[in-house]
Asks: 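Dropping a structure here in structure tokens format, bear with me for questions.
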Amino acid sequence: MADTGGPMTEAVTAPTAKTVPQERVHHGDRFVDEYEWLRDKDNPEVIAYLEAENAYTEAQTAQLAPLREKIFDEIKSRTQETDLSVPTRLGEYWYYSRSFEGKQYGVQCRCPIDAAAAGIDAWTPPKLEADTEIPGEQVLLDSNELAEGHDFFALGAFSVSHDGNLLAFSVDTAGDERYTLRFKDLRTGELLGDEIERAAPGATWSLDGSHVFYQTVDESWRPDTVWRHRLGSGTDTDVKVFHEPDERYWVSIGGTRSEKYLMIWVGSKITTEGWVLESDNPTGEFRVLLPRREGVEYAAEHAVVAGRDRFLILHNDVVDGVKAENFVLAEAPADDPAQLRTLIGHRDDVRLEDIDAFAGQLVLSYRREALPRVAVWPLGPDGYGELREIEFDLELYSAGLGSCPEWDQPTLRVGLTSFITPTQVFDYVVETGELLLRKEQPVLGGYDAGDYVQHRDWAEAADGTRIPISIVARRDTDLRAGPKPLLLYGYGSYEASMDPGFSVSRLSLLDRGMVFAIAHVRGGGEMGRLWYENGKTLTKKNTFTDFVDCARHLVDNATTSADRMIADGGSAGGLLVGAVANMAPELFAGVLANVPFVDPLTSILDPSLPLTVIEWDEWGNPLADKDVYDYMKSYSPYENVVAQDYPAILAITSINDTRVLYVEPAKWVAKLRATKTGDAPLLLKTEMSAGHGGVSGRYEKWREVAFEYAWVLDTVGAGGR
């Protein structure tokens, strides 16, 4: 139990977790875990310990309250609180979301299209004003009403039937990512009696709107089953249409943009399988597209090319005797998908990521030179036209296809952002190549992108690999004039890419002279599939050493100094910064770890825990493989806490997180508090009514960001203004 030192000293005495030795033996290795008892959140002693840590954290950061409030006010003052998204056309309506000053959540709406509009005018979204009445506006869903009376709220499914008459939506009010699926008749505004409990977040309509397909999860939170529900019937009559027993695979369902097919996807970290069914035959049997083969991933999209139904298939199988690590694009007849013909071959410097099909064009998404890119491929009566990349005049940026639900449309919605560019929404006119700006994220208070600079730097790893670093700062923060306070962010897992993006809240750091940098370490996907492969399983340590090498590079070139740099990472990025804290504590003034995966070996050894088995392809299976066990134990932040001086640490977690259980940072902090030397602050903050994504509601999220940023600024001595 937590020893808080009594009521007079509770505000200043760090909690001490009791020790309950618990032995774990694998492959002949004996490990005594003294804090595993913290896993039982039904134990009042566990809750008492977490609450004592919360009280201690609040007491230790109480002096930062004015700075927190100031940062919160800055975020709020820069945000246009009452706003609308750019309308997206679907069927006979424009769909958009509203936000309102003082309200935590968004409101989903629609208004009718102009029936008299023709040509490109029919695809030009109406210019809606937040304070002006919109003719024919219909509120589809107000999340503020749904969230009333709940400490946490998340909207899962939001899916309108093909005829526009029905809405399927789901909500989570606990943060455990178990959703309740409901249905609304948009003609009358009435909720239907159908209600499906503990579903995964999605919902897919049959073409005629008579059925909805949804997923459920197993005890390990893995979506494993697809069900068919007939509207108006009880859930006891729902039909199980697909079940995946292999615990390495997740199951999902959706529809093609053409509306011709329903697709079930089954995927592990390294293998994919698709199943297909005509959407006008919802009670039919799904059939396999291409049978799964271990180590082969693929994605498929229905297209009509020169009048013939085709499946466009991105895959990483062997082509001409060579493994297509960065994927190739192939086509096959819809009635014989095994007859693949390569359209775009493999390139070492280009990672193909997605293909989207429309009636008149294809859109290819890929990355080159550590940046995401988009190209349009027109379709003509004879087949494929000329592939055209959409170009942007920025050194660093992120570009991607936006919401384009219609099959036959002359424009494409494209999003663009950078560290200094607030999100821009364009409509790309396929016929002319023109980019029409539809909206730019408003940043109030006179924001000027010219006041900030972004650039790409490169660090060299010990093995000679060049590691990209993205950097953004105020223009008047002279990076050549000596070390600056710097927040170094990293992730480096699951082939996830940390691409440039604008952040209103980050301005509160930059305007105080802080530099923000992302270390694009191996294990991520920024530089292609091999970049990922060289930062997973038995090469995972590259992720950590790359981050250390980036930090050293930034110190060596005087961008920052060790006493002015914070390491920042969340989830698997929390594993990264936790490992780095053990490996190179002298390089950082502080470590900010959000929902950190800092006890990975304990979790990956337990197949009963959420997500464990599917994670074996990412980390290896330490149960079956002694080499994997030894390797994971050698880098696990929890197992490798030692008696050394650590940087200041702030760990933030959530009691209902199903992805990284709260017990991981709780155990880590308890062991650090009992073991580390030095007097650097060590803080644990647990949200007692949230999940993996943290608190819900935009104002609460802003306050959480303000809490973190105030701690960051104070830790590097930049919190004076």
Asks: Do the ring planes of H229 and Y214 sit parallel (below 30°), tilted (30 to 60°) or perpendicular (above 60°)?
Replies: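 H229 vs Y214 ring planes: perpendicular.
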Asks: Within the 4.5 Å heavy-atom criterion, are I344 and Y366 side-chain neighbours or not?
Replies: no
Asks: Which pair of non-hydrogen atoms, one from S603 and one from T612, has the smallest distance, and what is that distance?
Replies: O-OG1, 2.9 Å
Asks: Between T180 and E197, do the side chains contain a donor N or O and an acceptor N or O under 3.5 Å apart?
Replies: yes
Asks: Taking side chain as C-beta onward, heavy atoms only, is Y96 less than 4.5 Å from C111?
Replies: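 A side-chain contact exists here, since the closest heavy-atom pair is under 4.5 Å.
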Asks: Do Y532 and E325 pair up side chain to side chain, a donor and an acceptor below 3.5 Å, judged on atom types alone?
Replies: no
Asks: Ignoring hydrogens, what is the shortest heavy-atom contact between E247 and P607? Give both atom names and the distance.
Replies: OE2-O, 4.4 Å
Asks: So, N656 versus S654: side-chain donor-acceptor pair below 3.5 Å or not?
Replies: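 No, because no side-chain N or O of N656 sits under 3.5 Å from a partner of the opposite role on S654.
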Asks: Kindly assign one of parallel, tilted or perpendicular to the pair W619 and Y494, based on the angle between their ring planes and the thresholds 30° and 60°.
Replies: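 Ring orientation of W619 relative to Y494: perpendicular.
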Asks: Is the backbone N or O of K269 less than 3.5 Å from a side-chain atom of W250, with the two atoms forming a donor-acceptor pair by type?
Replies: no
Asks: Would a 4.5 Å heavy-atom cut-off, applied to side chains only, mark R178 and V217 as touching?
Replies: yes
Asks: Has the side chain of E406 got a donor or acceptor atom that lies under 3.5 Å from a matching backbone atom of D408?
Replies: no
Asks: For the side chain of H27 and the backbone of P622, is there at least one donor-acceptor N/O pair under 3.5 Å apart?
Replies: yes
Asks: Do T602 and R24 meet the criterion of a side-chain donor-acceptor pair at a distance under 3.5 Å?
Replies: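 R24 and T602 do have a side-chain donor-acceptor pair below 3.5 Å.
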Asks: Which heavy atom of R413 sits nearest a heavy atom of C404, and at what distance?
Replies: N-SG, 3.2 Å
Asks: So, the side chain of E495 versus the backbone of E533: is there a donor-acceptor pair under 3.5 Å, distance only?
Replies: no
Asks: Looking only at non-hydrogen atoms, find the nearest pair between D194 and R230 and report the distance.
Replies: OD2-O, 4.0 Å
Asks: Quick one, L538 and V628 - any side-chain contact, counting heavy atoms below 4.5 Å?
Replies: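 Touching, per the 4.5 Å side-chain cut-off.
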Asks: Around atom CD of E92, are there more than 12 heavy atoms from other residues, nucleotides or ligands closer than 6.0 Å?
Replies: no
Asks: Would you confirm whether the ring centroid of F286 sits within less than 6.0 angstrom of the ring centroid of F242?
Replies: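 No, ring centres 6.0 Å or more apart.
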Asks: Any sub-3.5 Å donor-acceptor pair from W205's side-chain atoms to S159's backbone N or O?
Replies: yes
Asks: Has R222 got a side-chain atom pairing as donor or acceptor with Y249's backbone, closer than 3.5 angstrom?
Replies: yes
Asks: Can you confirm whether V319 sits close enough to H346 that some side-chain heavy atom of one is under 4.5 Å from a side-chain heavy atom of the other?
Replies: no
Asks: Classify the side-chain pair Y491/E526 by whether it contains a donor and acceptor separated by less than 3.5 Å.
Replies: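 Y491 vs E526: no donor-acceptor pair found between side chains.
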Asks: Between W265 and Y298 (judged by ring centroids, cut-off 6.0 Å), do the two rings come close enough to count as a pair?
Replies: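 W265 vs Y298: aromatic centres under 6.0 Å.
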Asks: Do S497 and D499 have a side chain donor and acceptor closer than 3.5 Å?
Replies: no
Asks: How long is the straight-line distance from CZ of F153 back to CD of E700, given to the nearest 0.5 Å?
Replies: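 E700 atom CD to F153 atom CZ measures 15.0 Å (nearest 0.5 Å).
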Asks: For the residue pair K103 / S143, report whether a side-chain donor-acceptor contact shorter than 3.5 Å exists.
Replies: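 No, because no side-chain N or O of S143 sits under 3.5 Å from a partner of the opposite role on K103.
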Asks: Side-chain contact test, heavy atoms from C-beta onward, threshold under 4.5 Å: evaluate it for R529 versus E297 and give yes or no.
Replies: yes
Asks: For the side chain of E353 and the backbone of S365, is there at least one donor-acceptor N/O pair under 3.5 Å apart?
Replies: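 A pair under 3.5 Å: no.
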Asks: Is a donor on one side and an acceptor on the other found under 3.5 Å between the side chain of D625 and the backbone of N621?
Replies: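 Looks like no, no N/O pair under 3.5 Å.
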Asks: Only one of D356, L343, L312 forms a side-chain contact (heavy atoms from CB on, under 4.5 Å) with L362, so which one is it?
Replies: L312
Asks: Test your reading of the model: is there a side-chain donor-acceptor pair from D33 to the backbone of Q22, 3.5 Å cut-off?
Replies: no
Asks: Taking Y261's backbone N and O only, do any of them form a donor-acceptor pair with T256's side chain (distance below 3.5 Å, no angle check)?
Replies: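 Yes: the side chain of T256 pairs with the backbone of Y261.
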